[in-house]
Enquirer: 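Take a look at this one; I'll ask things after.
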Amino acid sequence: MKSQAVSFISKHYADRGLIPLCAMAAMHNDLYYYSREMYREFCCMTLETQNRVLEYCGLDLRVKEEKGLFGRCIEAVEEVLRTRFPGDESPFYDGGKYVLRSLEYYGGEKIPVERINYRPSYMTGPLAANFDGISSYESCITDVLSESFRGDGPEHPISALERKYGFKGAPENEACQFATVLAQYVAIYGSGDDDSDKEYGAPGGYAGETIDTMEDLFLLAVLEMYIHLVLKEV
């Protein structure tokens, strides 16, 4: 077991920051044919070996035989929205179908939109005049959600973001990207657990590994929903 765990970490060392996503892949559906070999290989290991990998990586994360993990994650995000922004719209209807389709319909595809036209509301005067308006895809989502969870943002932040990103008229893969990224950040900003001393990893910001595909994005969103919302229920 030790040899297999060490071998896995060594083989995928360049992408070791994605190991938390391997755990989510196994917990979501270990029989699914993921496009990334690393996920498939992790799913083929025994539960004990999977958890030995996580232990050796210093992560406070363990693979469990979870029933309906994705459904629990989406319900937890929906509960945050119902509690904090009652009456606002939600793109997570029909069991979060647009988030799930990020994996099941578009998993092997590159993330379609990397940057959007966006200027933060606080940017005015000469600073705004010199700003080209192009920001990372997440910028508007994180700005609006951080303000709204502090009580300083729009009354209906989700509806405002849906309009900004053209959710209702976008091609389906872009609608899936929006819903998936939104689920990720609702979990982060809505959890209120900034003081947690647990180490769950930071996929995409560890050591050069990247979140490239819709599959990666889906598993990242599931990770954030799981660690910030579902684990708090236990």
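Along the sequence shown, the residues carry numbers beginning at 1. The model shown is predicted, which means the values in this text are computed figures rather than measured ones. Scope of the values below: all heavy atoms of this structure, side chains included, with no hydrogens, waters or symmetry mates.
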Enquirer: Begin from the C-alpha positions of E55 and L59 and carry the test side chain to side chain contact (heavy atoms under 4.5 Å, CB included) through to its verdict.
Expert: CA-CA 6 Å; E55 178 187 343; L59 298 172; over 6 Å; no
Enquirer: Hey, does the side chain of T213 reach the backbone of K110 with a donor-acceptor pair shorter than 3.5 angstrom?
Expert: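 No, because the side chain of T213 does not come within donor-acceptor range (under 3.5 Å) of the backbone of K110.
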Enquirer: Does the side chain of V99 reach to within under 4.5 Å of the side chain of L182, using non-hydrogen atoms?
Expert: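 No. Closest side-chain heavy atoms not under 4.5 Å.
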Enquirer: With a 6.0 Å cut-off (strictly less than), is the heavy-atom count around CD of E41, excluding the residue itself, greater than 12?
Expert: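 Counting other residues, nucleotides and ligands, CD of E41 exceeds 12 neighbours.
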Enquirer: With side chain to side chain donor-acceptor pair (under 3.5 Å) as the criterion, how do S90 and E78 come out once you've worked through the C-alpha distance, each side chain's angles and the decisive distance to 0.1 Å?
Expert: CA-CA 8 Å; S90 168; E78 287 273 64; 2.7 Å; yes
Enquirer: Can you tell me how far CG of N29 sits from CD of E104, rounded to the nearest 0.5 angstrom?
Expert: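 It is 8.5 Å, given to the nearest 0.5 Å.
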Enquirer: Given side chains that start at C-beta, do those of P112 and M214 come closer than 4.5 Å, heavy atoms only?
Expert: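 Heavy-atom side-chain distance check passes, below 4.5 Å.
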Enquirer: Under 3.5 Å, side chain of T49 to main-chain N/O of M45, donor-acceptor pair present?
Expert: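 Such a contact is absent between T49 side chain and M45 backbone.
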Enquirer: Might you point out which heavy atoms bring V63 and N51 nearest each other, and give the distance in Å?
Expert: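 So the minimum-distance heavy-atom pair works out to N-OD1, 2.6 Å.
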Enquirer: Evaluate side chain to side chain contact (heavy atoms under 4.5 Å, CB included) for C73 paired with L229, printing each intermediate quantity in order.
Expert: CA-CA 7 Å; C73 287; L229 301 178; over 6 Å; no
Enquirer: Between Q177 and V113, is there a donor-acceptor pair closer than 3.5 Å when you use the side chain of the first and the backbone of the second?
Expert: yes
Enquirer: Report yes or no: is the cationic atom of R36 (NZ for Lys, CZ for Arg) closer than 6.0 Å to the six-membered ring centre of Y34, at no more than 45° off its axis?
Expert: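 So R36 doesn't make the cation-pi contact.
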Enquirer: Please report the C-alpha distance between Y39 and M24 in whole Å, then the side-chain angles of each, then the deciding distance to 0.1 Å, and finally whether the side chain to side chain contact (heavy atoms under 4.5 Å, CB included) criterion is met.
Expert: CA-CA 9 Å; Y39 302 151; M24 294 301 101; over 6 Å; no
Enquirer: Is any side-chain heavy atom of E138 closer than 4.5 Å to a side-chain heavy atom of V181?
Expert: yes
Enquirer: Looking only at non-hydrogen atoms, find the nearest pair between I19 and C57 and report the distance.
Expert: CD1-SG, 3.5 Å
Enquirer: Working to the nearest 0.5 Å, report the span between NE2 of H28 and SG of C43.
Expert: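 The distance works out to 10.0 Å.
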Enquirer: More than 12 non-hydrogen atoms from neighbouring residues, nucleotides or ligands closer than 6.0 Å to OH on Y32, yes or no?
Expert: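 Yes, the 6.0 Å shell around OH holds more than 12 heavy atoms from other groups.
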Enquirer: Closest heavy-atom contact between R62 and M27?
Expert: O-SD, 3.9 Å
Enquirer: Do V53 and M1 sit in one hydrophobic cluster, given that two such residues count as connected whenever their side-chain heavy atoms are within less than 4.5 Å of each other, even indirectly?
Expert: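 Result: no, two separate clusters.
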Enquirer: Calculate, to the nearest 0.5 Å, the distance between atoms CD1 and OG belonging to I116 and S139 respectively.
Expert: 7.0 Å
Enquirer: Do any N or O atoms from the side chain of E89 and from the backbone of P91 form a donor-acceptor pair under 3.5 angstrom?
Expert: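 Not at all, since once roles are kept as given, no pair shorter than 3.5 Å links the two residues.
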Enquirer: Once rounded to the nearest 0.5 Å, what's the spacing between atom CD of E209 and atom CG of D216?
Expert: 10.0 Å
Enquirer: To check you understand the geometry: which heavy-atom pair defines the closest contact between L161 and I141, and what is its length?
Expert: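 So the two residues come closest at CD2-CA, 3.9 Å.
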Enquirer: Minimum heavy-atom separation for S191 and K232, please, with both atom names.
Expert: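 Scanning both residues, the minimum pair turns out to be O-NZ, 2.5 Å.
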Enquirer: With a 4.5 Å limit on heavy-atom distance, are the side chains of Y189 and S148 in contact?
Expert: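 No, every pair of side-chain atoms sits at 4.5 Å or beyond.
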Enquirer: Taking the six-membered ring of Y137 as reference, does the cationic atom of R115 (NZ for Lys, CZ for Arg) lie under 6.0 Å from its centre and within 45° of its axis?
Expert: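 No, cation not above the ring by the 6.0 Å, 45° rule.
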Enquirer: For S10 and V6, indicate whether the former's side chain and the latter's backbone hold a donor-acceptor pair under 3.5 Å.
Expert: no
Enquirer: Return the minimal non-hydrogen interatomic distance between P154 and A160, and the atom names on each side.
Expert: CG-CB, 4.4 Å
Enquirer: Roughly how far, to the nearest 0.5 Å, is the OG1 atom of T210 from the CG atom of L18?
Expert: 7.5 Å
Enquirer: Are any non-hydrogen side-chain atoms of Q184 and T180 less than 4.5 angstrom apart?
Expert: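 With C-beta onward as the side chain, the pair stays apart.
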Enquirer: Using residues 80-88 as the side-chain source, report each donor-acceptor pair under 3.5 Å to any protein atom, sequence neighbours left out, with the distance given to one decimal.
Expert:
unit_1	atom_1	unit_2	atom_2	d
R82	NE	E79	OE1	3.3
R82	NH2	E75	OE2	2.5
R82	NH2	E79	OE1	2.8
T83	OG1	E79	O	2.8
T83	OG1	E79	OE2	3.2
R84	NH2	F149	O	2.7
D88	OD1	S159	N	3.1
D88	OD1	S159	OG	2.5
D88	OD2	I158	N	2.8

Enquirer: Answer yes if L100 and Y93 sit in the same cluster of Ile, Leu, Val, Met, Phe, Trp and Tyr residues linked by side chain heavy atoms under 4.5 Å apart, and no otherwise.
Expert: yes
Enquirer: Given side chain to side chain contact (heavy atoms under 4.5 Å, CB included), test I211 with L21 step by step and report yes or no.
Expert: CA-CA 10 Å; I211 303 299; L21 303 191; 3.9 Å; yes
Enquirer: Is the distance between the ring centroids of F218 and F70 under 6.0 Å?
Expert: yes
Enquirer: List the steps and the verdict of ring-ring contact (aromatic ring centres under 6.0 Å, His included) for Y98 and F167.
Expert: CA-CA 11 Å; Y98 285 110; F167 170 69; 5.5 Å; yes
Enquirer: Can you tell which of E172, E215, E174 makes a side chain to side chain donor-acceptor pair (under 3.5 Å) with Y106?
Expert: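 Going through the options one by one, the only one that passes is E172.
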Enquirer: How many angstroms lie between atom CG of D15 and atom CD1 of I9, to the nearest 0.5 angstrom?
Expert: 13.5 Å
